[in-house]
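Protein chains get the first letters and strands the later ones, always in sequence-line order, with residue 1 at the start of each. Every heavy atom of this structure was used, including side-chain atoms; hydrogens, water molecules and symmetry mates were not.
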There are 2 protein chains.
Amino acid sequence: MSAAQTGTSEPARRATMGDIARHLGISKAAVSYALNGQPGVAAATRERVLEVAQEMGWHASSSARALSGSQTQVVGLVLSRPPDLLTTETFFMRFLAGVESVLSERGWSLLLRVIGDHPADEMATYERWWGERRIDGVILLDERYRDPRVDLVERIGLPAVLCGGPVKGVGIPCLWTDQSGDAGLVVQHLADLGHRRIGHVAGPGEFVHERARRRGLRRAAAALGVEVVTVEAAYTGPESEEATRRLLTGDAPPTAVVFGSDVMALGGVRTAAALGVRVPQEVSFVSWDDSQLTSLVAPRLTALQRDTPAFGRLAATVLLDAVAGRRPVRIQVPPSVLVARESSGPAPA
Amino acid sequence: MSAAQTGTSEPARRATMGDIARHLGISKAAVSYALNGQPGVAAATRERVLEVAQEMGWHASSSARALSGSQTQVVGLVLSRPPDLLTTETFFMRFLAGVESVLSERGWSLLLRVIGDHPADEMATYERWWGERRIDGVILLDERYRDPRVDLVERIGLPAVLCGGPVKGVGIPCLWTDQSGDAGLVVQHLADLGHRRIGHVAGPGEFVHERARRRGLRRAAAALGVEVVTVEAAYTGPESEEATRRLLTGDAPPTAVVFGSDVMALGGVRTAAALGVRVPQEVSFVSWDDSQLTSLVAPRLTALQRDTPAFGRLAATVLLDAVAGRRPVRIQVPPSVLVARESSGPAPA
DNA sequence: AGCGGTTGCTGAACGGGGTAAGTAGATTTC
DNA sequence: GAAATCTACTTACCCCGTTCAGCAACCGCT
């Protein structure tokens, strides 16, 4: 019967530094110096230690290391959005993949919590993780107005990086996106195609980046003599369908609609199909987030594309810098690129 | 300047049991008994300890606890699929959410690694995590033929649960799906609608569950006098588009197609649109996995629906049992339900 | 008074690493 | 030739929570 079958009742003995020391007849300290590349051991001894460690399949106990070194080499991430959104929206997975690539490259790990849309739980999780010394830092996604998470991490001294809209006056490192610039790309694209009345199915206004997008769209539109009508919806298909329906069936419907996410844009496509409105002949659609999904539907969606895995990599890198004690930085992520596909075309005459 | 700004250079002092003991003028041991609900302390003392602990914001150091208790209360999960697939396929997020709900309920955490399709990396990760005492168990997704991960976890004594096709003769707990039963649902549905020639765009045959599906489809079809043609493709949109094109443009094209995943089914929809083949009037589509995506496209897809979060919850529960030393079980997950939507209809005359 | 039993606590060791301080022995320096 | 300096180690203690053995003080019982 294997150890796996009996679980903890027959725990597998894993080698420790003490085992190596005993095997070679030297002290634990010498083994430690040898394994960590520290001076103070003869080259020959070091070699024998490394050999035996390899042979015994030795790995440093993360607990022991954390206990003495006070670093866990673990980064925390809480995904707090309504469950159905998390599972539909591919942003999180793409971001996660980027974060992970940096972490695993440096031998760090990611502690993940998936919770519903309960800000209190999110805060409690950070506090507990930090209190229990489980993590060395956290990535904060989706900045909100007067975000209480910023106060929390500053108060308890938890290194963090804030990913969100343009941020002012917070003492932690931030990644911000130029939503105005991105808005300009969309409006320009649609204006070039002759559209003069643009609908905007926006995500919840509690998020800093959503407000920034609305501002950006208004300004860009004003500069080009275009009108923008914003309607707000949750980041879900059904809510977006409903919002799109309101836009397209109202008085003076827009000839183009911008959606706050790929999932919302897909909802829009469904509504257009249901109403018998052809895309892009009668209405043009643009998604404010690109993913494989936008290419999986017909017509393929014109979308603002940004390198989300790169965003995740950047977040991880900045966080590791913060953990290492670097002064907080404020970094602008590379601007999006507008990928024109089949869902946007000339405005109807 | 806050501690967060200076990172490790000014580490936040977090309270320890020693602090509580000193503050109350009692021993560390008494504090430990009080905090853990152990006998050996007077009720009044216990109360004072808990009060002070609360006041100081004390949390047990997970490292110290793991070091003496030899449990980390952490479960590992490696997602190893091509990056673009992980980010498109919503299965993983839904599964993850289910796993997480059980873990967080019991105060456990999830250590996540996202890697490309490199089985060797996956194995190395398990070995390292276990060697470093970072985890108490792992969830193995997507069983393959002669899966080397099973040998590994049995050899090193790492508690695990295997999620995959029907499994025989492995010594670790397994969750298996009755793919034959599910296949029967699909074939029956299509046969009832008059289809006599069914296409099957299947995922890679290296996965146990994919082979089981093919077998199940063949048997169910034979029993009902229906023909099945299987073509294999990777779990991606483009590959599925291509496979669908081969099926629909070949000699004697099928009147219905079953797809191995929701993403593949969306690829099929695009191909049908591109070829001008109407769904469901000219060809019916069924997806062998349901998600929000299937309702986001037009037409909405008929799909085999299973409760993926519940699957994740079950996996977590079984793993925690295994960690606790329970004998390995083999559990069948509840069968899928066929949700008929707009993409399947009567066979064309 | 003497005995066993319970209650409520303390001291010490342990787990597995890291590291400052100390110490032989060999080598260099003046 | 004595002193200073290296080299290659060892000893000892730290991190923090758990746990075992020990020990007074107090209880009721004979």
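Note: OH (Tyr33(B)) to C1' (dT18(D)) measures 8 Å, nearest angstrom. Trp58(A) places its CH2 atom 6 Å from the P atom of dG18(C), with the value rounded to the nearest Å. The interatomic distance linking Leu67(B) (CG) with dG18(C) (P) rounds to 12 Å, in whole Å. Rounded to whole angstrom, the span from the CG atom of Leu35(A) across to the P atom of dG16(C) amounts to 15 Å. For Asp19(A) and dG16(C), the CG to C1' distance is 10 Å, given to the nearest whole Å. Arg65(B) has its CZ atom 18 Å from the P atom of dG16(C), to the nearest Å. The separation between Gln38(A) atom CD and dT7(D) atom C1' is 16 Å, rounded to whole Å. Rounded to an integer number of Å, the gap from CD of Gln71(A) to C1' of dC15(D) is 15 Å.
Looking at every heavy atom in both residues, Trp108(A) comes nearest to Val75(A) through CE3-CG2, 3.8 Å. Of all non-hydrogen atoms in Pro159(A) and Val323(A), the two that sit nearest each other are CB-CG2, 4.0 Å.
For Arg155(B) and Tyr126(B), the positive end is not near the middle of the six-membered ring at less than 6.0 Å and at most 45° from its axis.
At the heavy-atom level, Ala29(B) lies under 4.0 Å from base atoms of the strands shown. Residue Ala30(A) is in base contact, counting any heavy-atom pair closer than 4.0 Å across all strands shown. Gly40(A) comes within 4.0 angstrom of a nucleotide base, judged by non-hydrogen atoms across all strands. As judged by a 4.0 angstrom heavy-atom cut-off over every strand, Ser32(B) is placed among the base-contacting residues. Heavy atoms of Thr45(A) sit under 4.0 angstrom from primed sugar atoms or phosphate atoms, though from no base atom. In this structure, Ser27(B) reaches the bases: a heavy-atom distance under 4.0 Å links it to at least one base atom across the strands shown. Ile26(B) comes within 4.0 angstrom of the backbone, heavy atoms only, and of no base.
Residue Ala43(B) is the one, among Ala43(B) and Arg133(B), whose nearest nucleotide of DNA chain C lies closer to the 5' end (criterion: closest heavy atom).
Lys28(A) contributes no side-chain N or O that forms a donor-acceptor pair with the base of dG16(C) under 3.5 Å.
With no hydrogens or angles considered, no side-chain donor-acceptor pair links Gln332(A) and Trp176(A) at under 3.5 Å.
For Asn36(B) and dG17(D), the shortest distance from a side-chain N or O to OP1 or OP2 is not below 4.0 Å.
Salt bridge Asp19(A)/Arg22(A): present, at least one basic N to carboxylate O contact under 4.0 Å.
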